[in-house]
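Computed from heavy atoms alone, side chains included, the values below leave out hydrogens, waters and symmetry copies. Proteins come first, then strands; the chains are lettered A, B, ... in the order of their sequence lines, and each starts at number 1.
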Protein chains: 2
Amino acid sequence: MKPYLLQTVKTLAMLGAMRGRIDLSSKELAQQMNVSQQTASRYLLELDKIGVITRELGIKKQLIHITDTGIKLLEKEYSEYQQIFEVSNRIILKGRVVSGLGEGKYYTEQDGYKSQFKDKLGFIPYPGTLNIEVNPIERNKIRLLKTYNGIAIDGFKTESRTFGNVKCFQAMVNNIKGAVILPLRSHYSMILEFISPVHMREASRLKDGDEVEVIINIYNEDNHGD
Amino acid sequence: MKPYLLQTVKTLAMLGAMRGRIDLSSKELAQQMNVSQQTASRYLLELDKIGVITRELGIKKQLIHITDTGIKLLEKEYSEYQQIFEVSNRIILKGRVVSGLGEGKYYTEQDGYKSQFKDKLGFIPYPGTLNIEVNPIERNKIRLLKTYNGIAIDGFKTESRTFGNVKCFQAMVNNIKGAVILPLRSHYSMILEFISPVHMREASRLKDGDEVEVIINIYNEDNHGD
DNA sequence: ATTACTAGCATTCGAGTAC
DNA sequence: TGTACTCGAATGCTAGTAA
């Protein structure tokens, strides 16, 4: 979608073309958008061609109506602005399912962690984590996520070794509730580890390379750490 | 504002550049926007030039942050989408009662305004205005409000000075009918001034810091100004 | 009145490439 | 790696104008 066409549909919507047909000449649209009459005319032709609006040419102006395709376009744009301004208590990011080294299973089976997961998250995770390689462009969101306190899971010691502190955030993948786990001290990683009461790869039919959306709950904005 | 630049700022905002600096290369932005690296680089240069973003060039990527100017741009766009989807003949917003500088009393006592209030609003306001500091998250609604014509109150001159044009909207606070007043030419303000036939602080037992809801009547959608 | 074509100018694009 | 310049091609713009 060309940006100027999107702006045109938006302008039409603001003039009421989403709710019904509006009487509009290319000259009027041109004035509204600060372009020439010819350009406005071309915009309308292009939008018509790609099925975003319907037109009926009258003897004078034209009757313009935004189609469902056009409405979907606007809704998508609107929801993106909502994400920018309103949905600040959660972070949404996309990534791909990848295979880990089996470490996730080892960690989630430790009683020291398991009991805390049950107490603080309300579920005992299925052994193993779903590793999600976050889309490179969204790694800034991981950095942002790390500034929130989240749910603290304390480290502990066993006879053989030490397990470090981690923090969790309630999260959702493919409509299944769970949590993402972040090690407190770690190098910068683009892999998110997701745990849930069920076996994700089975319940959600996920395999390596599948793209998933992770919705992470960060509770509130005052929850900043560090 | 060129449409493609607006889209660029929106993309940056979705990547978190409104909340803080984000690490981003022109190549990554290019992928996100489906343009070439060169074009993305130019977009960033243009946005920097017009003061919409700030950049810090690092050894690798660049640190990008959206300025207040850029945020205002996005807010304007967002409020226009709200207008499209939230069809309503009124704007509801919340704020807190704050103290003014006594100016409200001075203005509401001017005969030049008083007579027009009586004619056009149907009441003579109690001397003084109830100043309401609008909840920051709802400041976009004020911008939206400003795009409506409202009820025009003409400016006038006295021997000593000039009083500017203002516009009003019928409004309600704590179930008491009155109007909000907006100066026609003014910098961006988060303070709404509410007038009514009665002394609001007394009739409604309001004091500084109290939260109030303001319901503003904008009549109809064709009532746009400018 | 309109819409919208054509022609030519202006802007924008991306490949190549310097740094 | 990066950023960002040059420059030819592609796209977009408007004036003139036909219908």
Side-chain angles (χ1 to χ4, degrees), chain A residues 1-12 15-17 21-67 70 73 134-140 143 187-190, chain B residues 1-12 15-17 21-67 70 73:
Chain A
M1 189 64 179
K2 294 172 187 170
Y4 64 81
L5 289 185
L6 179 65
Q7 286 303 105
T8 309
V9 191
K10 196 201 75 180
T11 303
L12 293 173
L15 296 172
R21 289 172 184 160
I22 57 163
D23 231 1
L24 188 76
S25 72
S26 55
K27 191 182 176 188
E28 288 170 326
L29 177 62
Q31 287 168 345
Q32 191 77 12
M33 299 190 68
N34 275 309
V35 293
S36 69
Q37 172 270 322
Q38 293 87 340
T39 295
S41 176
R42 183 167 46 83
Y43 284 176
L44 292 173
L45 282 167
E46 288 185 52
L47 288 173
D48 194 353
K49 197 173 182 182
I50 60 176
V52 168
I53 62 169
T54 60
R55 301 188 308 150
E56 286 174 51
L57 293 174
I59 186 74
K60 292 186 71 167
K61 313 184 177 187
Q62 32 192 323
L63 288 172
I64 293 166
H65 184 227
I66 299 175
T67 63
L73 260 170
V134 177
N135 188 335
I137 199 133
E138 296 185 289
R139 67 193 173 292
N140 287 298
R143 184 177 298 117
H187 58 81
Y188 178 61
S189 167
M190 287 184 18
Chain B
M1 189 63 181
K2 295 171 187 171
Y4 63 81
L5 289 185
L6 178 65
Q7 286 302 105
T8 310
V9 191
K10 195 202 76 178
T11 303
L12 293 173
L15 295 172
R21 289 170 184 161
I22 58 161
D23 231 0
L24 189 76
S25 72
S26 55
K27 191 184 176 188
E28 288 169 327
L29 177 62
Q31 286 167 348
Q32 192 74 10
M33 299 190 69
N34 276 311
V35 293
S36 69
Q37 173 271 321
Q38 292 87 340
T39 296
S41 176
R42 184 166 46 82
Y43 285 175
L44 292 173
L45 282 167
E46 288 184 53
L47 287 174
D48 194 353
K49 196 173 183 182
I50 60 176
V52 168
I53 63 169
T54 60
R55 299 190 308 149
E56 286 174 50
L57 292 175
I59 186 73
K60 294 185 70 168
K61 314 182 173 189
Q62 29 193 324
L63 288 172
I64 294 167
H65 184 228
I66 299 175
T67 64
L73 260 169

How many whole angstroms separate atom [atom1] of [X] from atom [atom2] of [N]?
| X | N | atom1 | atom2 | result |
| --- | --- | --- | --- | --- |
| B/Arg55 | D/dT3 | CZ | C1' | 8 Å |
| B/Tyr43 | C/dC13 | OH | C1' | 8 Å |
| A/Leu47 | C/dT3 | CG | C1' | 16 Å |
| A/Lys49 | C/dT3 | NZ | C1' | 17 Å |
| B/Gln7 | C/dC13 | CD | P | 13 Å |
| A/Met33 | D/dC13 | CE | P | 9 Å |
| A/Arg42 | C/dT11 | CZ | C1' | 12 Å |
| B/Leu29 | D/dA4 | CG | P | 12 Å |

Would you indicate which nucleotide in [options] comes nearest to any side-chain atom of [X]?
| X | options | value |
| --- | --- | --- |
| A/Ser41 | D/dG12, C/dT3, C/dG14 | C/dT3 |
| A/Thr39 | D/dC13, C/dG14, C/dA4 | D/dC13 |
| A/Gln38 | D/dG2, D/dT17, C/dT17 | D/dT17 |
| B/Tyr4 | D/dT3, C/dA4, C/dC13 | C/dC13 |

* To do: Hey, which sits more toward the 5' end of DNA chain D by its nearest nucleotide, B/Glu28 or B/Leu45?
  =>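 The residue closer to the strand's 5' end, by nearest nucleotide, is B/Glu28.
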
For [X], which contact category applies under a 4.0 Å heavy-atom criterion: base, sugar-phosphate, or nothing?
| X | result |
| --- | --- |
| B/Leu44 | nothing |
| A/Ser25 | sugar-phosphate |
| B/Leu57 | sugar-phosphate |
| B/Gln62 | sugar-phosphate |
| B/Ser26 | sugar-phosphate |

Might you point out which heavy atoms bring [X] and [Y] nearest each other, and give the distance in Å?
| X | Y | value |
| --- | --- | --- |
| A/Ser26 | A/Ala40 | O-CB, 3.3 Å |
| B/Glu28 | B/Asp23 | OE1-O, 4.3 Å |
| A/Ile22 | A/Leu12 | CD1-O, 4.2 Å |

* Asked: Has the side chain of B/Thr8 got a donor or acceptor atom that lies under 3.5 Å from a matching backbone atom of B/Tyr4?
  -> yes

* Asked: According to a strict under-4.0 Å criterion, is B/Lys61 in side-chain N/O contact with OP1 or OP2 of D/dT1?
  ->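 No.
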
* Using a cut-off of strictly less than 4.0 Å, decide whether B/Lys27 has a side-chain nitrogen or oxygen near OP1 or OP2 of D/dT1. =>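 Checking B/Lys27 against D/dT1: no side-chain N or O falls below 4.0 Å of OP1 or OP2.
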
* Heavy-atom distance under 4.5 Å between the side chains of A/Tyr43 and A/Val35, does that happen here? ->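 Yes; the side chains approach each other to less than 4.5 Å.
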
